[in-house]
Amino acid sequence: MIKNSKYYKGIYSEMIEILGEDIVRLIYQNYRGQQVTFPMKLYSNEYVEKYIDKNITSKTIR
């Protein structure tokens, strides 16, 4: 098995360094050939609203 990230093309090389080879192979098997765009925001609006409701007394909006 190849363990050196320089043997991978483009973004796969960077992902190997961050995520590890096993995870990148899994991503490749499931999403190869597809263009994936990640949203700028990580959390859903529903989660943010629930978090604010839960922590309204102990935290500020920031």
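Here, residue 1 is the first one in the sequence, and each next residue gets the next number.
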Go through the structure and list residues passing side-chain hydrogen bond (donor to acceptor under 3.5 Å, both in side chains) with Glu17, not counting sequence neighbours. Ser5

With sequence neighbours left out, what residues match Tyr47 under ring-ring contact (aromatic ring centres under 6.0 Å, His included)? Tyr43

If you count every heavy atom of other residues, nucleotides or ligands that lies below 6.0 Å from Gln34 atom CD, does the total exceed 12? yes

Drop me the distance from Arg25's CZ to Asp22's CG, to the nearest 0.5 angstrom. 8.0 Å

My understanding is that only residues two or more places apart in sequence, or in another chain, count here; which of them pass side chain to side chain contact (heavy atoms under 4.5 Å, CB included) with Asn30? Leu26

Can you name the residues that form a ring-ring contact (aromatic ring centres under 6.0 Å, His included) with Tyr51, not counting sequence neighbours? none

Quick one: which residue pairs count as a salt bridge (Lys or Arg N to Asp or Glu O under 4.0 Å) with a foot in residues 37-50, not counting sequence neighbours? Glu46-Lys50

I'd like to know whether CG of Asn55 has more than 12 heavy-atom contacts from other residues, nucleotides or ligands below 6.0 angstrom. yes

Which ILVMFWY residues can you reach from Val36 by hopping between side chains whose heavy atoms are under 4.5 Å apart? Phe38

Of all residues at least two apart in sequence or in a different chain, which pass the side chain to side chain contact (heavy atoms under 4.5 Å, CB included) check with Ile27? Met15, Leu19, Ile23, Tyr31

